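Presented below is the structure to which this report refers.
Keep in mind that what you see is a predicted model, and the values were worked out from it rather than measured. Below, chain A is the first sequence line, B the second, and so on; all start at residue 1.
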Amino acid sequence: MSQTVSKAIEDAIQSTSNTLQNGGYPKLPIDRNPPMGDFAIICFPASKVLKKNPNEISEEISKKIKHSNLISFATNVKGYCNVNINWNTLAKDVIYELKNPNYGTSNNEPEKILIEHTSANPTGPFHMGRARNPIIGDSIARLLSYYGHNVDTEYYVNDTGRQAATLAYGLSQHKTKGKGKVDHRLVECYRKASEDLKNDQEIKDKVYNKMELIESGDKTALNEVKDSSKKMLKGMKESLKELGAEAENYYHESDLIATGKVEKIIEKLKESKICKEEKGAYYLDLKEKNIAGRNQKFFFTRENGLSLYTTRDIAYHIEKFKNYNRAINILGEDHKLQSRLLEIALEELDSKIPEPVFYSFVNLPGGKMSTRAGRVVYLDDIMKEITKLASEKLSENKLDKSMKEQLARQIGIGALRYNILKVQAEKGFTFNVEEALNLQGDSAPFSMYSHARASAILRNYGNKIPDIESIQPLEEGEIKLLRTLSKWPSIIEKSVTNLSIHHIPNYIHSLSSDFNQFYRDCPVINSNNLEFRINLVFCSKKILNEGLSILGIKAPERM
RNA sequence: GGGCCUGUAGCCUAGCCUGGAAGGGCGUCUGGCUUCUAACCAGAAGAUCCAGGGUUCGAAUCCCUGCAGGCCCGCCA
């Protein structure tokens with residue numbers, strides 16, 4: 001909440017409760033986020049004591065609360081006394097606060113934070129099931145960085161293990177055809193290799209031998225898997241770039257082995273009190289750790305002494321905390337147990353632990369996305385389709401051609417990101433192409449359009465935004481917009497604290513909606529309240545722009 | 001067998017942490033562009049908040065018991 005407004009509300013609450021106390025009323029609960037007005041006095045608990053029904057009490061109270069510098073008016077609605085603070089006396093100070101570039105950001109010491117996101121196995125192009133990860137990860141990174149933290153983003157490349165060895169084998173044995181995007185071409189080699197493995201024991205042995213070489217640190221083998229993964233990754237990176245969600249850094253799992261970091265971790269884990277051994281394989285005994293399920297042994301080496309995926313992940317996190325004081329991981333819900341095991345291991349090593357953000361899988365109307373069943377929707381195809389749709393909508397527009405192309409991409413990609421970000425991450429959703437392609441209502445273009453409208457007003461106005469000298473009595477539409485604008489910092493705060501991004505699209509939508517109502521009811525140019533209104537437009541545009549940019553969506557000047 | 005997540009109008013969803021008046025959007029119906037951009041706005045219809053119990057003046061929200069769906073419980077990644 002804006003500090004000016006929050007102080008005004010607390011003062012008003014204090015003032016009314018004094019009034020009520022003097023009038024012999026008991027202390028009543030306050031709702032600071034009421035459906036109408038700025039705060040509400042809940043009259044129900046007084047009913048028994050005063051032997052009156054809540055509605056009567058609220059009616060009395062509403063009449064007792066007089067207009068003042070603090071309070072504008074109070075009304076009774078079904079036992080709730082809704083109090084409206086005096087926005088006229090506040091408006092100038094609120095606008096001043098809103099215009100501050102630091103509005104919505106933190107005063108606290110910035111933290112060094114690493115956000116690991118995407119980290120999809122480099123075995124083929126992104127499908128929509130995975131798309132939630134980069135979009136959420138990238139936006140949380142933008143959010144924390146907006147708030148004032150020092151944020152870096154990283155993609156952990158799983159380029160060792162069975163699938164990496166399979167891919168390397170596939171690339172060495174099978175030719176690619178056509179000129180398509182590289183990941184879409186190479187995935188055929190991977191598919192064929194997987195088939196080979198299934199059908200031919202000799203090939204399977206060969207690949208498994210390669211795997212052992214990789215894990216034991218053989219430089220040639222490590223280079224081979226790293227190279228083939230990089231080839232696949234090249235195509236995948238293009239998709240992320242188009243999405244506007246590419247991580248800044250790529251950390252290769254193979255490097256953890258090559259540099260001997262994994263080995264070191266294995267030695268350290270063996271010193272743990274809960275470490276046990278079975279036929280040469282080492283594990284942490286989880287009996288005392290409250291881990292649900294059948295298996296209470298967390299193996300971190302094989303019988304041959306070599307590392308497992310999780311072992312390398314432990315080493316990776318030890319590396320992370322050398323440079324960062326917080327590590328945030330964006331993970332699919334299937335990694336929940338995995339993530340818990342990682343925490344236990346890190347605690348055994350006296351390390352900090354990462355903060356996971358989980359999201360549910362994206363399904364298709366027909367069921368789960370499956371490469372094998374051929375039920376896949378590729379991210380690339382969706383991006384193309386939604387951009388095309390945006391482009392069609394722009395066809396009657398008067399803007400010049402290159403401008404339109406750029407806009408179509410901004411709108412298309414923005415709409416896609418928004419569609420995914422507006423839903424709480426842990427809620428599973430079925431990806432509905434129709435719904436995602438709908439560019440009306442609660443969608444990115446709605447807010448982008450409000451932003452363009454605000455820009456148009458400022459363009460027409462043409463002058464520098466003035467300081468407010470005088471102000472006319474505010475209309476409902478102005479108050480509503482100002483009230484919403486004043487809530488921005490608390491939305492940011494909530495989002496940052498819970499690492500939940502969906503509050504931002506939610507807020508941006510109501511801000512846009514309030515702006516559109518203001519736009520209808522309150523003409524700016526030629527208004528006798530021009531000074532204030534042009535400031536209000538300026539602030540709306542500013543917050544819309546900042547909100548959209550947290551979501552990774554461009555805010556256009558025209559559309 | 002066990003654990004975690006989710007369940008809100010025909011469909012999608014916010015609110016759940018911190019109990020107080022069920023918000024949006026899509027779709028449907030009605031109306032609005034000589035007035036700062038109609039990708040907009042106004043209005044209408046549409047909700048046993050999964051079910052049952054408990055706590056409370058008051059429960060979508062907290063507690064218990066179920067039900068349904070998702071995910072997980074490998075010396076795979």
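- Between A:H509 and A:F446, the gap from one ring centroid to the other is short of 6.0 Å.
- Heavy atoms of A:M559 sit under 4.0 angstrom from at least one base atom.
- Distance from the side chain of A:N82 is smallest for B:A21 among the nucleotides B:A14, B:G24, B:A21.
- If you check every strand for non-hydrogen atoms under 4.0 Å, A:C43 touches nothing.
- At a threshold of 4.0 angstrom between heavy atoms, the contacts of A:Y519 include nucleobase atoms, whether or not backbone atoms are also involved.
- Among the nucleotides B:C41, B:G20, B:C76, the one closest to the side chain of A:R520 is B:C41.
- Taking the P atom of each, B:A14 and B:C62 are spaced 15 Å apart, rounded to whole Å.
- Contact annotation: the side chain of A:R32 approaches that of A:I13 to within less than 4.5 Å [non-hydrogen atoms, C-beta and beyond].
- Contact check, A:H503 against B:G15: a side-chain N or O comes under 4.0 Å of OP1 or OP2.
- Going from the P atom of B:G27 to that of B:U65 covers 43 Å, rounded to whole Å.
- In this structure, A:Y316 has its ring center under 6.0 Å from that of A:Y156.
- The listed nucleotides are B:A21, B:C36, B:U13; the one nearest the side chain of A:N460 is B:C36.
- A:S443 comes within 4.0 angstrom of no nucleic acid atom, judged by non-hydrogen atoms across all strands.
- Counting non-hydrogen atoms under 4.0 angstrom, A:Q440 reaches the backbone sugars and phosphates but no base.
- Judged purely by atom type and a 3.5 angstrom limit, A:N295 uses its side chain to pair as donor or acceptor with the backbone of A:K297.
- The residue A:A40 sits close to a base: some heavy atom pair falls under 4.0 Å.
- In this structure, A:F446 forms no aromatic stack with the base of B:A39, since the conditions of centre separation below 5.5 Å and plane angle below 30° are not both met.
- Distances from the side chain of A:L337 to the nucleotides B:C76, B:C72, B:G7 place B:C72 closest.
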